[in-house]
2 protein chains.
Amino acid sequence: MSSIISSIMPLFVSSLLSSCTSIKDSVKLCNFNCSQSQGITVQAIDDSRVLLIALKIDAGSFQEFRCDKDLVLGLDLESLSKILKQGNNEEYLTLMAEDSPDNLMAVFEDKKKDRISEFSLKLMDIDSDVLTIDDMETDCTITLPAYEFAKIAKDMKTLSESLKIVVTKDSVKFNAEGQIGTGSVILKPHTDMDKPEESVKIELNSPVALTFGAKYLNDIVKATSLSSTVTIKLTDKSPALFEYKLPSGYLRYYLAPKFDDEE
Amino acid sequence: MSSIISSIMPLFVSSLLSSCTSIKDSVKLCNFNCSQSQGITVQAIDDSRVLLIALKIDAGSFQEFRCDKDLVLGLDLESLSKILKQGNNEEYLTLMAEDSPDNLMAVFEDKKKDRISEFSLKLMDIDSDVLTIDDMETDCTITLPAYEFAKIAKDMKTLSESLKIVVTKDSVKFNAEGQIGTGSVILKPHTDMDKPEESVKIELNSPVALTFGAKYLNDIVKATSLSSTVTIKLTDKSPALFEYKLPSGYLRYYLAPKFDDEE
DNA sequence: CGAACTATTG
DNA sequence: CAATAGTTCG
């Protein structure tokens with residue numbers, strides 16, 4: 001009867017919650033697309049149409065995942081977050097929806113089975129075009145510690161509304177120019193043997209310099225807790241990709257750069 | 001070429017940042033006076049002209065300090081704080097300015113040298129008269145734990161806008177009288193052998209009773225993290241001195257008392 | 001890192 | 001007045 005049954009372990013519940021809270025400041029409503037082969041995928045664009053968010057939660061993320069028929073669940077992320085927050089970290093979560101669902105059922109169960117919380121969340125029809133995004137070749141790919149990128153984005157926002165990222169073979173420079181002064185942070189690639197997640201990697205096909213809205217970068221950086229590293233792919237005059245890898249899946253942000261005339 | 005080069009070790013960067021944040025609620029703009037012999041001195045008066053702040057950072061605070069020609073750097077403390085905050089605690093800071101500078105350069109370097117952050121801060125012309133303050137004989141000198149003074153100042157502010165400090169040979173009394181009631185904290189001198197910074201000392205030439213604005217005391221107390229103790233020097237009908245000693249230098253506040261007719 | 005408080009905005 | 005973002009404290 002139920003078209004989607006998924007049991008999620010405590011570790012992943014917090015990951016799902018973090019994903020929702022990371023996204024919900026940019027997008028309020030979005031469709032969760034469920035299929036047996038793809039798991040759950042979400043694609044949404046912020047109101048200003050500058051930031052595209054793509055979340056993918058593989059079926060392998062779930063202890064059990066069954067989706068007899070492809071489903072589109074239109075969800076209010078704020079409401080979903082509220083429900084997910086109610087699960088204590090020790091609890092298992094089961095999500096369920098019927099074939100033509102009006103509601104998403106969420107059931108938290110304590111391991112000891114002496115506590116069950118059930119929630120039903122109203123679903124909504126949300127217009128959205130799902131874009132196919134090619135895995136194009138990019139001018140460069142940078143991997144750095146997620147917290148480091150977060151600190152740069154936050155710090156630089158105090159100086160300017162725009163952040164310029166300049167990548168050369170042996171460095172990546174984050175540059176902000178504002179009223180009170182200017183600031184640059186320059187990172188050089190290096191490999192940390194003991195803590196690989198602390199490494200900074202640059203793969204370069206072609207040097208690139210792009211400017212982004214600091215506000216959007218600060219929204220992106222809300223996903224920092226999801227992954228120890230972030231991967232940034234830049235191509236001249238194209239949207240940049242910021243990717244946070246999940247245990248089994250990913251949260252990707254595609255951000256359109258500012259062009260010279262609007263800087 | 002550069003008139004001032006100073007390299008600051010991580011410990012002292014946080015001390016400089018704390019000084020700025022302590023002061024910036026009272027004074028937004030102020031001149032940093034730099035000279036080879038004196039290091040960096042700052043003097044500023046709050047808008048109401050009741051509180052005078054004197055910060056002295058000796059040349060010995062710096063790993064290296066060179067100032068070929070005396071310089072006056074007009075700085076916005078809010079902006080300076082923003083930049084100082086961007087340093088991670090492990091990083092070395094170098095400050096630089098030219099002979100007739102428009103900008104102050106600040107460079108953070110990671111030990112591993114794979115990360116460099118550079119900032120340039122616009123300087124401004126700020127009118128200010130530097131007062132010479134004599135080290136006059138005072139009626140009494142009190143030394144007490146900084147956190148204890150902070151707690152008294154904060155607690156008493158909830159009772160009254162004014163705080164009266166009464167010093168006799170064997171006690172110092174902090175007294176607040178307000179609408180909802182009155183409160184006093186009385187400290188007696190004592191020496192703590194194990195933790196000298198917990199001691200309370202009173203040196204008295206003449207008993208004194210002065211009243212201060214609680215608001216100003218609460219601004220002063222923001223410097224608490226800079227030193228384990230605070231030294232208070234009081235003289236009848238004169239501004240009081242509140243001194244926080246830095247590793248090499250000091251942060252002093254001179255606060256005019258309220259007189260009877262304005263209490 | 002989380003929580004509480006403050007400041008700001010609809 | 002309520003909700004939220006930023007800030008500061010433990």
Side-chain angles (χ1 to χ4, degrees), chain A residues 10-11 13-29 46-48 51 76-90 145-161 163 176 178-180 195 197-198 213-230 244, chain B residues 13-26 28 76-90 145-155 157-158 214-215 217-228 244:
Chain A
L11 171 78
V13 174
S14 72
S15 189
L16 178 59
L17 174 57
S18 299
S19 301
C20 287
T21 52
S22 306
I23 299 171
K24 79 176 205 296
D25 297 313
S26 306
V27 173
K28 302 238 170 299
L29 310 175
D46 85 309
D47 291 339
S48 63
L51 183 64
D76 176 337
L77 290 177
E78 186 67 42
S79 307
L80 180 60
S81 299
K82 278 181 187 164
I83 285 178
L84 292 177
K85 268 182 203 157
Q86 310 207 16
N88 300 322
N89 287 332
E90 313 278 310
Y147 74 86
E148 184 145 20
F149 179 57
K151 178 154 171 50
I152 291 169
K154 285 182 205 161
D155 286 348
M156 293 306 208
K157 186 166 179 279
T158 66
L159 296 179
S160 167
E161 291 183 356
L163 182 66
Q179 301 292 327
I180 65 167
K195 299 177 189 165
E197 71 276 11
E198 295 281 309
K215 174 186 168 297
Y216 296 104
L217 294 172
N218 274 264
D219 282 337
I220 290 171
V221 137
K222 285 173 181 149
T224 298
S225 65
L226 286 168
S227 174
S228 58
T229 64
V230 58
Y244 294 86
Chain B
V13 173
S14 72
S15 189
L16 178 59
L17 175 57
S18 299
S19 301
C20 287
T21 51
S22 307
I23 299 171
K24 78 174 208 288
D25 296 314
S26 306
K28 302 237 170 302
D76 176 335
L77 290 177
E78 186 70 53
S79 306
L80 181 60
S81 299
K82 279 181 186 170
I83 283 177
L84 292 177
K85 268 183 206 154
Q86 310 209 16
N88 298 321
N89 288 331
E90 316 275 311
Y147 75 86
E148 184 143 22
F149 179 56
K151 178 150 174 45
I152 291 169
K154 285 182 205 161
D155 289 348
K157 185 167 181 277
T158 66
K215 172 186 170 298
L217 293 173
N218 275 264
D219 282 338
I220 289 171
V221 136
K222 285 172 183 150
T224 299
S225 65
L226 285 168
S227 173
S228 58
Y244 294 85

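In what follows, chains are A, B, ... by sequence order, proteins preceding strands, each numbered from 1.
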>> If I take atom NZ in residue K151(B) and atom P in nucleotide dG10(D), what distance separates them, rounded to the nearest angstrom?
In response: 11 Å

>> In this structure, how many angstroms lie between the P atom of dG6(D) and the CG atom of D219(A), rounded?
In response: 9 Å

>> Please report the distance, rounded to the nearest Å, between CG in D25(A) and P in dA5(D).
In response: 5 Å

>> Among residues at least two apart in sequence or on other chains, which ones pass ring pair (Phe, Tyr, Trp, His ring centres under 6.0 Å) with F149(A)?
In response: F242(A)

> Separation of L77(A) atom CG from dT4(D) atom P, in whole Å?
Replying inline: 14 Å

> Between dT4(D) atom P and N218(A) atom CG, what is the distance in whole Å?
Replying inline: 19 Å

> What's the verdict on side-chain contact (heavy atoms from CB on, under 4.5 Å) for V221(B) and I152(B), showing C-alpha distance, side-chain angles and the deciding distance?
Replying inline: CA-CA 10 Å; V221(B) 136; I152(B) 291 169; over 6 Å; no

> Given atom OH of Y147(B) and atom C1' of dC9(D), what is their separation to the nearest angstrom?
Replying inline: 18 Å

> NZ of K154(B) versus P of dC9(D): gap in Å, rounded?
Replying inline: 7 Å

> Partners of K215(A) by side chain to side chain contact (heavy atoms under 4.5 Å, CB included), sequence neighbours excluded?
Replying inline: D219(A)

>> Tell me the interatomic distance from K28(A), atom NZ, to dG10(C), atom P, rounded to whole angstroms.
In response: 14 Å

>> Rounded to the nearest 0.5 Å, what separates atom OH in Y216(A) from atom CD in E161(A)?
In response: 11.0 Å

